[in-house]
Every structure is written in structure tokens, then in C-alpha cells.
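Remarks on the structure that follows.
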Amino acid sequence: MVEFQLLDVDYVNVNGKPIIRIFGKTEDGESVCAFYENFVPYFYAEDGADRVLEGEPQVIEMERVTKKMVMGYNVTKQLYKIKIKDPSKTPELRERLSASGIKTYEADILFKYRFLTDLDMQCLGWIRTNVDNGAATNTVSVDKKIELKDMEKLDKEKDAPLKIMAFDIECIAMEAGNVPDSKTDPIILISVVFSEPYKGQKSMVLGTRTGRGVNPYTSEKEMLEGFVNIINEYDPDIITGYNVNNFDIPYVVERMRQNKVKPVFGRCNEKQVMARKIGNRYKVSISGRIIVDSFELVKKDFSLKRYGLDYVSQNLLNEKKVDVKHSEIERLWKGSTEEFEKLVNYSRVDSVLAMNLVQKLNLIDKYVALSKISGTLLQDTLNMGETTRIENFLLREFNRRGYVYSGRPNQSEVSRREKNRRKELKGGFVLEPEKGLHSSVLVLDFKSMYPSIIRSFNICPTTLLTNESQEPPEDVITTVAGTKFVSKNVKEGIIPHVLEKLMKKRQETKRALKKEKDPAKKKSLHARQWALKILANAFYGHMGYVRAKIYNLDIANTITSSGRDIIHKTKTEIEKKYGYKVVYGDTDSVMVKVDNETDMQKIRQIGTEISKHITEKLPGYLELEFEKFFKQFLPLTKKRYVAWKFEPDGDGWQEGIEMKGIETVRRDWCDLVSETLSEIIEIILKKGDVKGALEYFKSVIKNLMRNKIPTEKLVITKTITKAPGKYEGIQPHIEAAKKITARNPNEAPGIGDRIGYVIIKGTDMLSKRAEDPTFVAERGIEIDPKYYIENQLLPPMERIFSVLSISKSELLGNGKQMGLMEAINNYNETNHIKVLPRTETNGFICTKCSKFYPRIPLVGTCECGGELAFSSPKGMVKQVTL
DNA sequence: TGCGAGCGGGG
DNA sequence: GTGTACGCTCGCA
């Protein structure tokens, strides 16, 4: 008997017959490959297929079947179920049929998914088989080979232990300053890190130079062969590294090709590792193993200013890279023993960090949970988007109930949909926010609004009444959008049904999570409830996604218009019944100003009371919830606000600053901006002191004018993206790079390097005044305060103050809300810029050439010399006086 | 405001 | 492999 957990599936063609291979792992950590024969590929096609495929040798059998269609209530069709020999011939047959105007169904389901769906097997699910014989094949390299004859699916929560291997390569670019080219530039070092010791070692560095801690090889070819052997012997389930998908793996594969080394380090001895270029990215696959690119996962899961390995490991792991610049690698490689050792260590640490990111941040937990729920293979869950998961999930649910799933839209269908969607799909309801700083605001949210709407109105392609629907029944729900769905009594929609299952499972999981003490189980339960939420929330978006197989604009519109209707009614009811003002609302939430109530007990009570009342009045499963309390709430525009929030936390409250649509960290801002912005927001919200915030802003400007701000806070960072000569315009970071190069040709920055610079005083054009911060600090060169005030500080600060200057004019002295302008003029007499309060304006427009500016340009006039006027969505408003 | 181009990470 | 595969930021009108 063997029990194993399913990790990956593929198939091989043996004598014209496909054999499914299931790669898995036992609880003891043995790798398994189970072969499943006699699974026949098939698809469906409409009438006429018999004629077109007459005499086709691929066809084994054509069976007449009646299938339910996904789109429209009670639509059935007579189809042919066409069984064929070779799954890879399907596209060809599909195209032939389609050329004759015959529609096909499920002819775009990958064979491995056809298998998983029909046998109802889950990725990471457990399988038990009584056969324990080694299958007679040496095409795979695993601990156990099994012929899968009789099997049983097990309901087992436990996960098999997965072996991880991280690696990183170093190479030297022939052309200095360029990224190495795998066609010409050899690999010099490969570092490898193991999650379980391999030959007693936690890590290894392979190299073509001898030295301490290096496994030496006489040539690159030999080293690559050594690398292949290590992988195959260690037999990892997961291969990771930083940017392995788009750099290391394609690079290694190409070097192997150059050196005539077979890139075979998957669990199949016959399949080479694939690294195919698609667009400007690579798609890589290693059969039987899972590639986890820690760079791509970090980028998806964490919001950071930068994603370089140095920055990422510093910020997420609090671990440091060995400090080696790319330009130094060649020198270290050719240098002294010590220098070489530094390089070896540098390489090793990079692999360690890639491994630590995966392990310490639990990067794959979420994807494991998503795979288990959606039935998508882990590798696909990692690489692909939500669409794949939803479609894999729904294929099972629809097939199980006698439906044949719709096909993927072709390019022309996609563009047709895109055109209509832009015109016709209306989004959620966003209330124009009441201007000003509000105190005591309740935030009430609809719990999973769109899923609840879908369930409440039984919204599903299979319940939608279309003109193809047979015998429209009496019991019909007419939605606010005018669409009609049969009620649940007549027939429960599949999507509402699965949503109910998912939402209930989530509640159960959350309950279990509360009781669970074991940290490992807690982690997996947490990931599970998260994945259930993500999947449930994705259905609405999916049906409104133009590439979805079950795209339906009417359904998407029904969901959003129901949402708008509900929010609208909620607002009206709250204002009518309680006399409170709804100051803002967005899609599924309303913000209610509760006079100036500050008693937290009372707040909670009012919030609960309103939610309860509204919930009772609403149809179906819709539920309004008291989410949190904003002690101070400052809306800037739709979708953008800052607030001092208090979230209920047991009997107490969790306090914090919430910012929506406002970034305090942006890569093109220097630290001074982020710091000042955060500070000002904090003063306004927590102290309610707009004047104080203004004073603070003035003091920052004062310090800037007196050259008292540390240079490092003024550094702006940009990446060199192409050769210096290829830049058309003059750009500050390029000018700074030129200066660095001129002073020290050894340190010349190249393509891909990030350049930090500051803007110094002078008469040259701005870009020419960009300077190396170290140089500026050493020489005590004066920075240009005007630049920092106008280009860096002012735009974000003005966004905050402009909404306040109107509503809080009493604080600044009546009619003298130009405080910000004064602040600047006090310290800079030559300044021409006036900050005007933003009322109905969305920017500025030239009176002469009509060029639009979101903000007043520095020079105060348009490029063409024309004068600027306020622009509003309704047109030009009034003249700007400068 | 609304859209298209272009780049990220890696050495 | 029953393949065709981003997603955000920035500059420009």
C-alpha cells in the first residue's frame, strides 16, 4: 500500500496512447510517480461533427449525448461526445470543426485537468493505492514508481514534507554595464541551499575556480553536469531562487545548450527543462517539480518601494546581502583569495536569502490553500491568475451537474467584449464625499456584498432567462437592472450554490482557527480561510472579465446595479430614520457622521443598531456590519481619504491611521516628503490641529532653506534603463551618473543600476544640477530648496491642505485660507507660485492652446506662453491670477 | 482625466 | 503541450 499527496500531473504518449503520470510525495518524504492508463481524451461538438470527422483516424468513438448549456435557464443541446486517441491532436480537430462552422465544447481543457476533473482529484489531495509494485519504466527518477490501478481518495489534512532547493548563479557580462548574455557569457559560480541537508551540507557553491568552500570544476560544462547531478540526487519538490523564472533558469538552460549538457533535472528523464521566451518574459517548467520564484511572490504579496533582493531581505527578513556591486564581480572573481571568497560568500548568501524568503515568510501557504480549494495544480496556481483557478473550480462544479462548459473566447470576441464593456458596464456606487475634516464617523460595510447579491437574487448564467430558455416559469426574480432569473425554488443557480458552500466553509474554518492552538495548523487554517474569501470574492469580477468563458455583461451589470441600489437605499434609510448624515460611501460601505458622539460605548451601540435595522430591511443574504469608527475623517476626493480609525478588537479598540488612495511612500519621492506627509496627516487627524500642521510644514521649509535637512533625506532614486547615449531628453539621474563616471571611471554605473541624486543650487537647467549625494555631503554643497519645495513637497501637501483651506477657514482666520501660500512667500520672496484652493477644479488648462495640467507647472504659465485657467469637469472656470 | 508605452528583477 | 501567459507606473494629450 502506498499513500501519497498529489503535487503535479502530466502525461506521456506511449505507442500512440496517453498515460497520465501523477507526481507526489508520501508522508515519509518519498517521491512517487504513479502511472494511470486507459484515460481517454474527449471533447464535445455540435451537429455536423459526424460529417466533418468522417473517417478521421484519431476518432475512437462518437457518442450522442444531451448536455445542459451554461448560458441561459434550461437550455439543453444534443451533442457528440468525441473520444480520440491523442490529446495533443485536439486543437487541430477543434480548428477543423470550427472552420466548418461547428461549435466545440471543452476542447480547450488541458488533458491533465480533464483527468483531474473527471476523477475528481485535487491538487495536494491524498491518494491511497493497494498496488505497491514498481512500474517497469526508467523514464522517471523518483523513489517509488507505481502503476495506479485501484485507488482511493483520502480525506487527510496533513501535508507531506516538501524538500526545497534554492539556487543562484553568478556570471560576468562581456560588455561592461550590461546584463550578462546567456549566449556568450559563461556561468562562474552556482550556489545551492537545501532545506534538508544534502550530503551533510546545508549549502554548496560550485565554481570554476578553486577556493575555500567551493566545489571546484575544471570547466563550465563540468560544473553544469555537477549541478544537474546534485538536483537529481537531492530530488527537491520545490526549486526556488530570486527571479529564477526570468533569469537563472533560462540562463542555466541556455548555458547547458551551449555546452551540450542535457538540461534534464526534472523528475522525468526524458523531458528537458523548458525555458521558452514568450514576449519578453520566460515560461519555465520542470516536470514533477514546482518552481517558486521568491521575487515574483514577494512582488505579489508585499507592497514595497523596491523589489531588489537587498531591499526586500532587509525589510522583510531583516537580513543583509553581502555588499558586492555588479561592476565588482569580475574584479573579485579574478582577484586575491580573500576577494574570491567574498564573491563566493556573496553568492551563497543570495541563495540563503531566497530560501529564507520562502520559508520564513511562508510564501507558498496561500497558494497551497488556493490549489486545494480550486483544484488547480500548485505550479499553475503560482504562475497564473484568478481566472485559471475559477475556471478549474467551476468546470468541476458544472460537469458534475450535467453541464458542458463554455469555450474560451477568441481574440475577436475578446475585443468585441472589451468595446461593449467599456460602454456599458457601470461600476460600484461612489458617493461624492462631503468636503472637510469630519469627526465621529461610523464605517458600516456590507459583508461580502457581491457574493451576497449573487446568492440573494440567485444570479447565475444557468438561471438567467434568455430567449433560448425553454418554458419560462412563473417564479421569477426581476432585478433592478431589468434582468430576470428563476428563483431558487425553481432551480438554484450553480454559482449561488457554490458561493454558499464556500462562505459556509469559511465560517467553519474561522471557527476552527479560533480553537486551534498548534501554530502550524493555525497557519494553514488561516491560509485556508483567506483562500476561501479570495475565491468567493472573485466570481463577480470573473463574470465581468472579457476573457472568461462564462463572461456575461448583463450579469455583471445586474450585480453592480443591485449594489448601487442597495447602497442608495441604505443611505436614504439611515438619513431618514436616524437623522445622521452619510458623508461618504464607496461600493459596499457607508460612512455615517454621528453628530459629535465620542463615547465609545455609545458608538458601538449606534453602529450595531443601525446595522441591525438595515440588515432586517434588506433582501436575502445581505448583511450590513459595523466595521470601524473614524474619530477623524478627512476625505480628499472620491476613493481617497485619510482617517484616524478605531477598530473593534474584542471589548477594546485598535487604533491607527488609515490612508486610502494616498501613498506616503513613492519611489520618486525623497524620504523628506514621506516623513513630512505622514507627520502632517498625523497632526491634522490626531490633534485636529490644521494650524499646527501648517506650522510644521513651515518649519520643514525653513530647515530646507537653511540647508539643515540631512542630505540622505533628499535623495531621489531612479534606475538607468538604457545606455546613456540612448536617452533622448536630459534626465537628472543620467546626468548624475555621468558626473560619477567622470570622477571615478571604475565606479561607472551601468544599465540597471539605481542612481540616487540630489538637486543642488545653480543656474543650470534642473537635470544638470543633479549630483551624487555622497559628493554633495563631502563638499558641503548647497542643495536647491526651491526644487524640493515646489517639486517634491508641495504637490502632495497641497492635496491635503486644499481640502482643508475651505472647510477649516475659521481655523486659519476667516477668508485668509491662503496660509500655505503665505508660508512659502515668507521664506521665498521670488516665488511666483500661489497655491489655490481646489473647489470644483480638477486641474488647470491653458487659455491659449488648451493643454491640460493636473497641477500648475513650475514656470506658472503654459509651455506655449499662454495663461492658465482653472479647469473643471464642466469646463473652464475662471482665470488664475499669478 | 484617460490611454498607451515601457519597464521591472536578475549579473 | 486540448499551450499564446502580467501589472503597474509614468508620460503625454
Side-chain angles (χ1 to χ4, degrees), chain A residues 10-13 18 41-43 82 84 86-95 104 106-115 168-182 185 187-189 241-251 271 274 276-283 285 287 293-296 298-300 303 306-312 324-330 333 346-347 350 354 380 383-385 387-388 407-408 410-411 422 547 637 663 666-668 718-719 721-722 729 750-754 842-843 845-846 849-854 871-873:
Chain A
D10 69 359
Y11 79 92
V12 274
N13 208 314
Y42 67 87
F43 62 92
I82 303 168
I84 61 167
D86 180 358
S88 72
K89 293 294 186 298
T90 314
E92 199 186 306
L93 298 181
R94 179 183 66 206
E95 293 319 313
T104 55
E106 300 186 7
D108 51 10
I109 310 291
L110 264 47
F111 191 51
K112 58 187 181 187
Y113 281 111
R114 179 80 278 164
F115 171 77
D168 179 45
I169 61 166
E170 312 301 328
C171 28
I172 300 164
M174 256 199 330
E175 229 176 303
N178 278 336
V179 179
D181 179 356
S182 58
D185 305 334
I187 298 173
I188 53 170
L189 287 175
Y242 206 74
N243 204 22
V244 276
N245 272 340
N246 277 291
F247 185 73
D248 300 73
I249 295 175
Y251 205 103
K271 280 192 187 171
M274 296 281 287
R276 289 200 36 196
K277 199 162 187 165
I278 179 136
N280 60 346
R281 311 185 63 73
Y282 284 91
K283 154 89 186 133
S285 63
S287 61
D293 190 329
S294 43
F295 159 63
E296 291 188 341
V298 165
K299 206 168 53 166
K300 268 194 243 173
S303 174
R306 285 163 47 195
Y307 292 93
L309 182 56
D310 50 352
Y311 189 85
V312 166
V324 172
K325 291 198 194 75
H326 298 134
S327 49
E328 290 179 289
I329 293 178
E330 187 168 8
W333 172 249
Y346 159 82
S347 180
D350 277 8
D380 295 333
N383 286 349
M384 324 251 251
T387 312
T388 315
R408 183 174 299 130
N410 58 25
Q411 196 47 56
R422 248 199 305 279
R547 311 184 103 89
T637 56
E663 313 127 291
R666 275 179 48 164
R667 31 167 86 201
D668 53 350
K718 274 192 180 138
T719 309
T721 56
K722 46 192 170 184
I751 297 172
D753 280 352
R754 293 189 63 85
N842 62 347
I845 195 161
C846 175
C849 71
S850 295
K851 187 173 159 62
F852 178 82
Y853 294 90
S871 141
S872 88

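All chains are named by letter (A, B, ...) in the order of the sequence lines, taking the proteins before the strands, and each is independently numbered beginning at 1.
Within 4.0 Å (heavy atoms only), Ile84(A) reaches no atom of the nucleic acid at all. Heavy atoms of Asp86(A) sit nowhere under 4.0 angstrom from any nucleic acid atom. Base engagement by Tyr42(A) is indicated by at least one non-hydrogen atom pair under 4.0 Å involving a base atom. Backbone-only engagement by Tyr11(A) is indicated by non-hydrogen atom pairs under 4.0 Å involving sugar-phosphate atoms exclusively. Base engagement by Pro180(A) is indicated by at least one non-hydrogen atom pair under 4.0 Å involving a base atom. Residue Phe111(A) is in base contact, counting any heavy-atom pair closer than 4.0 Å across all strands shown. Across all strands, Tyr251(A) comes closer than 4.0 Å to no nucleic acid atom at all (heavy-atom distances). In this structure, Ile278(A) reaches the bases: a heavy-atom distance under 4.0 Å links it to at least one base atom across the strands shown.
Taking atom C1' on both nucleotides, dC6(C) is separated from dT2(C) by 24 Å, rounded to a whole Å. Comparing the same atom, P, in dA5(C) and in dT9(C) gives a spacing of 23 Å after rounding to whole Å.
Side-chain atoms of Asp108(A) come within 3.5 Å of backbone atoms of Arg408(A) as a donor-acceptor pair (strictly under, hydrogens ignored). Asn245(A) places no side-chain N or O within 3.5 Å of a backbone atom of Asp293(A) that could act as its donor or acceptor partner.
Distance from the side chain of Leu309(A) is smallest for dG10(B) among the nucleotides dA5(C), dG10(B), dG8(B). Distance from the side chain of Arg114(A) is smallest for dT2(C) among the nucleotides dA5(C), dT2(C), dG9(B). When each of dG9(B), dG1(C), dC6(C) is scored by its nearest atom to the side-chain atoms of Asn243(A), the top-ranked nucleotide is dG9(B). The side chain of Ala107(A) lies closest to dT2(C) when the candidates are dA5(C), dT2(C), dC6(C).
Residue whose closest nucleotide on DNA chain B sits further toward the 5' end, between Arg281(A) and Ala173(A): Arg281(A).
In terms of heavy-atom proximity, Val179(A) sits nearest to Ala173(A) at C-CB, 4.1 Å. When every heavy atom of Ala354(A) is checked against every heavy atom of Gly241(A), the shortest pair comes out as CB-CA, 3.7 Å.
Put simply, Arg408(A) has a side-chain N or O that comes within less than 4.0 Å of OP1 or OP2 on dT4(C).
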